[in-house]
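Notes to accompany the following structure.
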Amino acid sequence: GGGSLGNAEGDDGATGSTDTVTVGLAVPQSGVYAGLGEDMTQGFELYLEQADNKLSGYDIEVVSADTGEGPQTAIPAVSRLIQQEQADVVTGIVSSATALGLRDTFVQAEIPLIIANAGADDITAEPSPYIWRTSYTNSEVSGAIGKHVAEEVGDGSVYLIAADYAAGQEHVNGFKEQFEAAGGKVAGETFTPFGSTSDWQPYLSKIRSSGASAVFAFYAGSEAANFVQQYSTFGLAEEAQLYGNGFIVEGDVLQAQGEAALGIQTSLNYSPTIDSEVNNKFVEAYVAAYDEVPTVYAMQSYDAAAAIEAALEAADSVDGPGIAAALSEVGEFENSPRGSWSFNENHDPDQNYYLREVQEVDGKLSNVVLREIQD
Amino acid sequence: MSATNTLSGLTADQPGTTKLFNTGAPRPAFRLFVAVVILLILVALPFFLAPYPLSLAGRALAFGLLVVSVDLLTGVMGMPSLGQVAYFGAGAYTAGLVGIHLSSSGLVQLLIGTLAGAALALLTGAVAVRTAGIVFLMITLAIGELAHIGVDSLSVVGASNGLAGIPPVSVLPGGEPLTVPGYLYWWVLAVFVIGFCAAVILNRSPLGRSMRGVRDGELRLRALGQNTYSVKLIAYTIAGGVAGAAGTAWVAQTQFISPGDLGFDMAAFALLSVVLGGAGSLWGPVIGAGLVIFVRDWLGGYIEGRGTLLLGVVFVIAVYVLPRGVAGIKGRSLRRKSSDS
Amino acid sequence: MNAHQLLEVEDLAAGYAGSRVLDGVSLTVGSGEAVALLGRNGAGKTTLIETVMGMVTAMDGHVRIDGKDVTAKPPHVVSQAGVGIVPQGRRVFAPLTVEENLEIALRKRSGDWTIERVYDLMPRLRERRTNLGSQLSGGEQQMLAIGRALLGSPKLMLLDEPSDGLAPKVVEQVGEIILDLTDTGMAILIVEQNLHLAFTVSDRLAIMRKGEIVHESSVVDFRRDEQLAHSLLGVG
Amino acid sequence: MLAWFDANTATILNGLALGAVLFLIAVGLSLVFGTMDVLNLAHGAVSLMGAYVGVAMYGAAPTTGMFFLAMAIAAAVGFAAGGVLATMVSPVRNHLRQALLTLGMALIVAELLQEVFGPEVRSVPVPEFLSSTVSLMGNPYPVYRLAMVAAGIVVAVVLYIVLERTRAGAIVRATVADRAMVEAIGIRTKVVLALVFGGGAALAAVGGLLAAPILGAQPGLDDQILLLALVIVVIGGLGSLRGALLGALVVGQVQTIGVSVVNEFASFLLFAALAAVLLFRPQGLLPARKGAHV
Amino acid sequence: MTTTDTSILDIRDLTLSFGSLTAVDRVTLRVDEGARHALIGPNGAGKSTLFGVLAGRLRATSGQIFFNGQDVTALSEAERARNGLVRTFQHSSLFLGMSVLDNVGLAVERSTSQPKRPWPSRRRDRAVTDAAMTHLESVGLLSRPSALCGALSHGERRQVEVAMVLACEPRMVLFDEPTAGMSVAETNRFAEIVESLPRKVTVVVVEHDLDIVFRLAERVSVLAAGKLIADGTPEEIRTNDAVQEAYLGTSSNEALFGAAS
Ligand SMILES: Nc1ncnc2c1ncn2[C@@H]1O[C@H](COP(=O)(O)OP(=O)(O)OP(=O)(O)O)[C@@H](O)[C@H]1O
Ligand SMILES: Nc1ncnc2c1ncn2[C@@H]1O[C@H](COP(=O)(O)OP(=O)(O)OP(=O)(O)O)[C@@H](O)[C@H]1O
Ligand SMILES: [Mg+2]
Ligand SMILES: [Mg+2]
């Protein structure tokens with residue numbers, strides 16, 4: 001019903017009854033990132049189930065949208081959540097391009113967006129009351145391991161390799177900054193075509209001839225799987241220790257890599273092996289519900305639900321501006337599986353990072369936490 | 001005949017029966033009437049559609065204009081192209097950049113975007129139109145992909161993250177920005193109508209007839225003394241301009257453009273929309289474009305993650321149910337009528 | 001005339017999407033008999049030939065080959081029932097060599113015709129055996145099309161303007177070939193614009209106009225009546 | 001120069017291996033196009049089916065028997081898929097509508113595969129008896145990739161003999177030129193079509209299976225494979241067996257040596273190579289032989 | 001009679017080889033302006049190939065072609081056509097997806113070398129239509145101007161082919177077996193058309209229908225195995241032994257009708 005000639009959108013958005021809050025869940029359900037989308041959906045739903053589908057007394061109606069592989073499919077899907085389904089708050093969003101493309105839309109529509117994965121630095125570079133993030137920024141998550149690598153390689157040098165797209169650049173630059181600040185030397189740097197590289201042998205040859213004693217790599221998804229396998233097949237694993245941020249060995253990718261992944265060290269804001277009471281309970285419940293170990297994607301989405309609950313708690317009015325305003329007052333999240341965190345002034349999480357290593361535990365590969373990384 | 005069949009590669013063998021001569025056109029008054037009715041319906045959409053479906057309609061129109069440009073090459077000239085996304089992208093990115101840095105006027109953006117599309121088409125077309133059939137298809141694929149990869153690694157336009165922060169368009173320089181969805185839609189519709197009319201005029205012109213001559217027998221056309229290279233290049237440039245105009249409309253609607261918008265998917269869906277609608281007819285492919293957007297973005301939104309599956313099913317069914325595309329439906333009934341008289 | 005009918009066409013109707021070209025055509029050709037099918041351009045001769053062959057689908061009526069009903073059957077069934085065709089426009093396989101064109105048409109079980117025999121009949125083909133079909137002159141293509149049809153050792157041959165594009169000398173040869181073939185008991189239905197050839201080889205003729213057969217008689221009778229010929233064919 | 005070769009032997013060899021497996025996949029596409037005049041856009045999807053056969057059948061590194069069984073099954077699955085596609089495509093004569101049909105099928109198949117095998121990337125292990133490495137210039141090089149080169153050579157030789165030297169091959173080529181006329185000389189073209197299509201698809205599936213240990217198996221791979229195969233077939237010359245072979249070798253080297261030499265332009269290389277070849281030889285490097293009459 | 005001044009086409013030592021096969025072998029020939037010239041010869045003699053070279057579709061291996069006093073050997077097919085040298089095709093090559101009228105329309109328009117207008121103009125298009133209709137009328141196809149060429153019978157297509165050549169308003173036409181596939185009535189009509197062409201149009205025709213050859217031609221050249229073996233008046237050719245041997249066979253010219261016993 002209704003036309004589209006009203007003055008501003010959203011003001012006729014009387015959201016039905018006041019005790020129901022509509023949450024838009026925008027995750028990929030098709031395409032290459034569908035696996036991430038599934039994890040995020042599960043994390044979010046687990047939180048709701050544990051809260052009996054009521055957050056701070058409000059009934060929660062979840063409307064999901066398939067964002068597909070990129071902004072082409074994501075933008076109409078998310079527009080639907082805002083305009084058609086009249087979501088009060090939206091979470092999800094895997095791809096940075098999608099987040100950047102939709103940023104203005106959310107600000108104009110005055111609907112808060114809680115990003116539960118996309119990591120581009122630019123999304124929150126200029127904070128908006130409507131844009132929040134429970135995940136990380138690319139440069140931070142990669143920078144976290146910089147100092148550790150510099151210490152490990154000592155006089156040796158490190159080769160940097162990453163997929164050639166915006167995120168790959170941010171990850172590499174983030175790492176390089178921290179690494180060089182800690183006195184590390186870079187042996188060389190290569191960006192490989194994103195989405196169309198399947199054979200890394202030429203690059204591996206280059207790495208070998210550069211004489212690097214370690215490698216920092218940023219890949220995710222299938223590229224991560226193929227890269228790590230070929231890294232081992234061509235014998236580099238024995239010559240140069242492989243570092244990265246967590247995504248190179250996260251989720252399903254790790255099982256696909258198999259033994260080739262053993263020994264890879266990564267930094268991330270989460271690992272299911274974190275030994276805390278909150279996390280153990282989370283992992284247990286997650287395994288019981290879905291018969292698999294939670295991933296960082298599931299955790300970030302779980303925490304997005306937590307953020308929504310906290311905001312509803314603090315909100316004066318349950319609509320876009322109300323929830324957005326409340327989000328800046330939520331304070332510390334003490335009960336997160338990743339450990340305690342809070343939103344910083346950019347609306348990104350102020351959180352701990354962990355140094356993890358791929359080890360075999362009870363016959364299964366797992367990212368075992370070596371230690372918390374201190375700045 | 002058999003020999004040419006194998007050599008011609010991809011060609012449309014179900015050309016539309018667009019009449020060139022006013023004398024031969026069946027009931028021009030009736031056609032005009034139908035066109036006016038459809039236009040009125042399109043104009044009236046904002047009065048009863050909510051903002052979201054209306055934004056889809058806007059996207060469908062912009063995409064539809066891209067499809068028209070593909071159809072000019074594929075259906076009218078018999079040269080199936082996957083490269084129009086490059087000129088679409090040229091139009092969209094220039095319009096976006098103009099919007100951010102120069103002027104939020106839609107007219108200015110339309111003008112510059114169209115020129116950008118046409119200019120790029122002229123440059124690349126000079127090479128591409130020397131080929132035909134599947135080789136042309138692959139050259140244009142290469143053009144589209146190179147453009148895609150190009151913007152993907154060009155940081156001034158946001159590289160893979162896309163170009164964000166484009167302000168809403170106004171019609172005239174310094175005018176009121178069109179933030180109301182209905183007004184924005186009308187702007188997109190206006191661009192579409194301009195582009196579509198240009199295509200119709202081209203199709204009925206002597207150049208249009210020569211384009212169909214290229215489709216049905218380029219060698220023969222040359223034997224008649226026509227310079228087919230210039231026919232093809234001019235047509236290619238005009239189609240590039242139409243695609244550029246479509247790009248400006250797209251950016252006006254979405255206020256965002258990313259490399260994926262000129263990716264292989266977009267190129268393939270544009271070409272398939274032409275086939276779905278009936279290559280050679282101009283209005284059929286527009287409906288095909290609408291169908292693709294509707295199925296993927298609208299229906300797909302309701303059945304989670306099955307948009308592409310559904311699209312696949314639609315394609316397969318259409319091949320059998322609509323052997324001449326959407327345009328064939330009307331063509332058939334018209335033919336029956338004219339044979340009665 | 002032979003009582004044994006190899007081709008029986010009965011009340012046949014056929015055409016193309018939207019238009020009916022043939023309407024109620026009936027025709028028979030007996031074993032050892034050659035029938036000429038004449039008519040002006042667009043009369044429907046090719047359509048009739050192709051409908052018999054199954055290349056155009058019959059809408060109504062019947063086609064029987066040697067007593068077997070093949071109405072609306074696909075061409076390979078009709079071919080296997082013993083029909084060979086030299087189509088209008090020759091339609092030799094352009095990307096195949098002359099020899100390959102003949103090889104694939106050779107039906108193994110029949111001993112009658114061999115590639116060598118075809119070459120003996122048309123030596124020009126032997127000279128150009130390694131040329132591609134697309135590289136042959138028009139006349140050479142016509143010879144190849146005839147040779148190809150013969151290698152199926154058909155009982156009934158459908159010839160659609162076999163003299164089209166042939167030099168007079170070759171037309172004469174073709175005429176002799178056809179006469180030889182009828183002598184062996186083959187039935188022949190021939191569409192021709194070259195009346196010399198048509199009259200030389202055939203016993204009977206049928207004349208089509210606008211999808212119907214408007215006249216049938218023996219060739220001898222027809223040639224006596226110049227008036228009739230003029231009104232039907234515009235000659236005389 | 002010699003030193004350069006020494007340093008890059010592994011890369012060149014790798015280009016050969018990649019070329020060989022790409023040839024296996026692309027030749028089916030070329031065959032079906034060249035012989036049936038159908039551009040089968042579901043080719044990548046069929047190839048992905050082959051890869052998933054590996055996923056379904058192999059646990060850890062498969063035994064020799066298991067490996068060959070998987071090949072047979074992939075071939076059978078591919079053949080069946082090709083047969084189905086052939087039947088569906090046979091009443092559709094227009095190239096563009098064939099594209100619509102086969103791409104529609106590709107979307108459906110890909111979606112169903114994702115339904116069954118999940119959206120995540122699945123890796124496929126190298127068979128046990130080929131899992132060792134040999135030493136090449138002092139560095140380890142996987143035997144499996146050498147085996148792929150061998151497989152490519154065998155398939156190329158067999159196909160050449162069948163297509164160019166047998167009556168069956170001639171029938172196939174004639175069917176492209178004029179299907180109705182082939183029918184008219186008594187040959188069931190539907191069967192020919194199904195066999196060729198099935199054969200091409202079987203090769204694609206086996207190629208997908210053999211490539212799986214390198215490319216993996218996951219949604220979206222079908223598009224990549226299809227694009228690569230298209231580029232190869234066009235670079236080499238449509239419908240030509242030798243063309244597919246040469247095209248695959250060129251693309252193999254472009255993807256290895258090329259990207260390592262001009263790394264900054266790695267992502268442009270494939271399509272730049274395509275454009276360059278087509279500019280100078282629009283008919284491809286080794287087009288199918290044909291001749292047009294005056 | 002054949003002086004350089006009056007000849008519109010002057011072929012010198014023209015040769016074209018396909019690999020080892022010399023399809024046109026050192027042909028030297030002059031055609032006078034306004035001539036009615038026939039070219040005959042056995043199948044595969046090289047007649048169509050010669051036409052191909054003259055029209056510019058094929059490139060001569062050696063030799064020269066002068067048209068209207070100008071060396072056109074290096075000109076493209078389109079340029080020669082614009083100069084007024086037009087051919088028909090042995091295998092008809094029409095624009096099958098376009099209407100009969102549009103086919104002829106394309107030919108009417110051929111004379112301009114400037115790029116085509118991308119917008120229609122009622123007045124000028126009307127002129128094109130009228131011209132096209134006139135030519136259709138002269139070949140007897142007036143009844144179906146809007147039929148698609150793809151839906152015409154073989155013979156009907158040959159008629160369109162002729163209409164298209166006429167529409168080009170050529171100075172010289174090369175007809176390659178124009179009456180092949182035409183019925184007797186249509187063949188007659190074709191002969192009448194040629195006879196009614198203004199004398200400034202030069203006609204060269206390749207034909208196997210000798211009735212047509214002897215009815216139309218004032219001069220006949222005979223090509224065999226790529227070489228010109230005879231050249232003369234129809235009477236001379238008819239009685240030439242070499243021609244009999246290579247081409248005519250025993251072809252008796254008995255009357256078709258009334259002669260049956
Ligand atoms: N593919 C087609 N689609 C539609 N109509 C067709 C088609 N082929 C032929 N026709 C029409 O059918 C009629 C008969 O055509 P047909 O080819 O049978 O004539 P014909 O007697 O063989 O003529 P010709 O002597 O010129 O070869 C013609 O009017 C023609 O326009
Ligand atoms: N592209 C080609 N490649 C090789 N040989 C060719 C080619 N085109 C024609 N030929 C050969 O050249 C010779 C002359 O052919 P052409 O078509 O000129 O003969 P023609 O005199 O027109 O014969 P017809 O009267 O049968 O049409 C033939 O032997 C033919 O096989
Ligand atoms: Mg006919
Ligand atoms: Mg000829």
Side-chain angles (χ1 to χ4, degrees), chain A residues 1-10 12 27-31 34 37 41 64-77 79-86 95-105 108-109 120 122-123 163-170 191 193-196, chain B residues 44-60 63 145 149 152-153 155 158-168 179-186 253-263 265-266 269 293 296-298 300-309:
Chain A
S4 302
L5 295 169
N7 273 329
E9 55 274 49
D12 62 333
V27 294
Q29 293 163 338
S30 61
T41 308
S64 56
D66 177 16
T67 55
E69 283 183 20
Q72 290 65 49
T73 41
I75 288 181
S79 308
R80 179 172 70 87
L81 292 181
I82 300 176
Q83 296 173 342
Q84 182 91 352
E85 309 292 350
Q86 316 229 311
S95 120
S96 291
T98 304
L100 287 165
L102 284 165
R103 207 179 169 278
D104 295 347
T105 314
Q108 277 167 22
D122 280 350
I123 301 172
D164 191 6
Y165 68 120
Q169 315 267 2
E170 286 185 355
F191 290 94
F194 176 51
S196 62
Chain B
L45 279 186
F47 294 105
F48 33 88
L49 278 192
Y52 171 64
L54 192 68
S55 75
L56 274 191
R59 291 161 57 92
F63 180 67
E145 282 295 293
I149 300 167
D152 198 65
S153 49
S155 51
S160 57
N161 278 340
L163 189 60
I166 302 166
T179 45
V180 176
Y183 296 164
L184 180 63
Y185 166 85
W186 277 334
Q253 177 69 52
T254 60
Q255 288 178 46
F256 175 70
I257 173 92
S258 72
D261 286 329
L262 23 159
D265 278 3
M266 192 81 161
F269 284 148
I293 296 271
R296 196 187 67 174
D297 294 348
W298 176 263
Y302 289 98
I303 44 164
E304 314 190 338
R306 297 288 172 278
T308 27
L309 178 67

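Note on naming: letters A, B, ... go to the chains in the order of the sequence lines (proteins, then strands), and numbering restarts at 1 for each one. Computed from a prediction, not measured in an experiment: that's the story for all the values here.
When heavy atoms are compared at a cutoff of 4.5 Å, B:Asp152 approaches chain A solely by way of its side chain, counted from C-beta outward. With a threshold of 4.5 angstrom between heavy atoms, B:Ser258 approaches chain A through its backbone and through its side chain.
Listed by chain and residue number, A:Asp164 satisfy the side chain to side chain donor-acceptor pair (under 3.5 Å) test with A:Gln169 (two or more places apart in sequence, or in another chain). Shown here are the ring pair (Phe, Tyr, Trp, His ring centres under 6.0 Å) partners of A:Phe194, two or more places apart in sequence or in another chain: A:Tyr165.
Per-residue counts of heavy-atom pairs under 4.5 Å with chain B were compared for A:Leu102, A:Leu100, A:Thr67; the largest is that of A:Leu100. The candidate from A:Ala166, A:Gly68, A:Gly101 with the greatest count of non-hydrogen atom pairs under 4.5 Å with chain B is A:Gly101.
Rounded to the nearest 0.5 Å, atoms CG (B:Leu184) and OG1 (B:Thr179) are 9.0 Å apart.
At least one donor-acceptor pair under 3.5 Å links the side chain of A:Arg103 to the backbone N or O of A:Ile123.
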